[in-house]
S.K.: 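Input: one structure, supplied below.
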Amino acid sequence: MTLADSPAAVIRPEGPWTHRDVAANGARFHIAEMGEGPLVLLLHGFPQYWWAWRHQLPALADAGYRAVAMDLRGVGGSDRTPRGYDPANLALDVTGVIRSLGEPDAALVGHDLGGYLAWTAAVMRPKLIRRLVVASMPHPRRWRAAMLGDVRQTAASSYIWGFQRPWLPERQLVADGGALVEQLVRDWAGPKPPGPAGDTGALAVENYRRAMCVPSTAHCSVEPYRWLVRSLARPDGMQFYRRMKRPVRVPTLHLHGSLDPVMRTRSAAGSGEYVEAPYRWRLFDGLGHWPHEEDPETFTSELVHWLSDPEPDR
């Protein structure tokens, strides 16, 4: 593949999965799906799209699940709407997709921003979430406390503060064919590059670069982070964080890389205080911000075993 290839070849590559679009919450969302059984819905983070879950889709399907990876609003093959990038609305996108798939509920798996939305969806629509898995992201109230009260976390999240500038972040993300996307993915990884040897380490980064260069994607990708910061002192933000005081009442698996340079372990640890259900914390030694890509076998094994455990321990 080269940077000159069409966006469709990046967003909807051929594989063992099936691509289609579903309508939810007033927009259209692209999904890639495999398998039959209980629904497992996978939510990507920044600066990625559904392709981040290419390793987990076949493994979950083989384990007897209906595995679905969706593109969040404004990214990949999903609609790029002019508004709607606050976490409450993005979480309603997620729960709307569950309904549109005709399922009574889902095990929700989210990484990075997708993890933030997974936490939010579990609070807002608990009847639709039977289990929760979050990687590389603390509970929203822990995130807020760390961003405001931990100097090291504030420094580690400097990119989020940089997103508050108008227009410049979008231009930087698409400059030189998305070179900044590649830099972020590599800088945030641990010593083991994303993707197993001979597979998709380089390909994944190139795909993320090309996907970011699809028109309007860069703008839509940074809008959620603009809301998160600008709303900290606004009434809508205060209302959201008050709402997030409600405890999560579904079994929760919390995964984190010990060498994550952008979301410190100290910031993520302790999110269990917001969970009134079995909660399991798993720290992956030697991995960075992308545990599902840096060591997909270990990550997927942990995920599948926990999903199949009828009584996950606290």
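When a residue number appears, it is its place in the shown sequence, counting from 1.
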S.K.: Considering residues at least two apart in sequence or located in another chain, which fulfil the ring pair (Phe, Tyr, Trp, His ring centres under 6.0 Å) criterion with Trp188?
M.R.: Tyr159, His289, Trp290
S.K.: Mark yes when over 12 heavy atoms from residues, nucleotides or ligands other than Arg234 sit less than 6.0 Å from its CZ; otherwise mark no.
M.R.: yes
S.K.: Can you see whether Glu302 engages Thr298 through a side-chain donor-acceptor pair at a distance of less than 3.5 angstrom?
M.R.: no
S.K.: For the pair Tyr49 (side chain) and Leu72 (backbone), establish whether a donor and an acceptor sit closer than 3.5 Å, ignoring hydrogens and angles.
M.R.: no
S.K.: Output all residues satisfying salt bridge (charged side-chain N to carboxylate O under 4.0 Å, His left out) with Asp86, sequence neighbours left out; order by chain, then residue number.
M.R.: none
S.K.: Kindly assign one of parallel, tilted or perpendicular to the pair His19 and His30, based on the angle between their ring planes and the thresholds 30° and 60°.
M.R.: parallel
S.K.: With ring pair (Phe, Tyr, Trp, His ring centres under 6.0 Å) as the test, pick out the partner of Trp227 among Phe163, Phe240, Tyr116.
M.R.: Phe240
S.K.: Side chains of Thr18 and Glu33: any donor to acceptor distance under 3.5 Å?
M.R.: no
S.K.: Report yes if the distance between the aromatic ring centroids of His111 and His44 is under 6.0 Å, otherwise no.
M.R.: no
S.K.: So, are Glu223 and Arg226 salt-bridged, with charged N and O less than 4.0 Å apart?
M.R.: yes
S.K.: Give a yes or no on whether Met263 and Leu148 share a hydrophobic cluster (residues Ile, Leu, Val, Met, Phe, Trp, Tyr; joining criterion: side-chain heavy atoms under 4.5 Å apart).
M.R.: yes
S.K.: Answer yes or no: is there an ion pair linking Glu293 with Arg54, defined by an N-O contact shorter than 4.0 Å?
M.R.: yes
S.K.: With under 30° as parallel and over 60° as perpendicular, where do the rings of Trp281 and His256 fit, or are they tilted in between?
M.R.: parallel
S.K.: Hey, could you give me each pair passing side chain to side chain donor-acceptor pair (under 3.5 Å) that has a residue in residues 91-102? Not counting sequence neighbours.
M.R.: Asn25-Asp93, Arg73-Asp93
S.K.: Salt-bridged, Asp150 to Arg264, with N to O below 4.0 Å?
M.R.: yes
S.K.: Yes or no on side chain to side chain donor-acceptor pair (under 3.5 Å) for Arg80 and Thr217, after CA distance, side-chain angles and deciding distance?
M.R.: CA-CA 7 Å; Arg80 288 153 178 76; Thr217 301; 2.8 Å; yes
S.K.: Check whether more than 12 heavy atoms from other residues, nucleotides or ligands sit under 6.0 Å from atom CZ of Arg266, and answer yes or no.
M.R.: no
S.K.: Is Arg144 close enough and on-axis enough to Tyr241, meaning under 6.0 Å and within 45°, for cation-pi?
M.R.: yes
S.K.: Are Ser267 and Arg142 side-chain neighbours, meaning at least one heavy-atom pair lies under 4.5 Å?
M.R.: no
S.K.: So that I know where these two stand, are Trp50 and Trp17 an aromatic pair - ring centroids less than 6.0 Å apart?
M.R.: yes
S.K.: Asp71 and Arg12: salt bridge (Lys or Arg N to Asp or Glu O under 4.0 Å), yes or no, with the steps?
M.R.: CA-CA 11 Å; Asp71 283 329; Arg12 301 173 187 259; over 6 Å; no
S.K.: Test of understanding: with salt bridge (charged side-chain N to carboxylate O under 4.0 Å, His left out), list the residues that count as partners of Glu36, not counting sequence neighbours.
M.R.: none
S.K.: So do Thr120 and Leu90 actually touch side chain to side chain, heavy atoms under 4.5 Å?
M.R.: no
S.K.: Is the count of non-hydrogen atoms from other residues, nucleotides or ligands lying under 6.0 Å from Gln239 atom CD greater than 12?
M.R.: no
S.K.: Val229, Met238: one ILVMFWY side-chain cluster at the under-4.5 Å cut-off?
M.R.: no
S.K.: Filter on ring pair (Phe, Tyr, Trp, His ring centres under 6.0 Å), then keep only pairs touching residues 59-97, sequence neighbours left out; what's left?
M.R.: none
S.K.: Please answer whether the main-chain N or O of Pro38 pairs with a side-chain N or O of Glu103 as donor and acceptor at a distance below 3.5 Å.
M.R.: no
S.K.: Would you call Glu276 and Lys245 a salt bridge, using N to O less than 4.0 angstrom?
M.R.: no
S.K.: His139: which residues meet the ring pair (Phe, Tyr, Trp, His ring centres under 6.0 Å) condition with it, sequence neighbours left out?
M.R.: Trp119, Tyr274
S.K.: With no hydrogens and no angle check, is any side-chain donor or acceptor of Gln164 less than 3.5 Å from a backbone partner on Ile160?
M.R.: yes
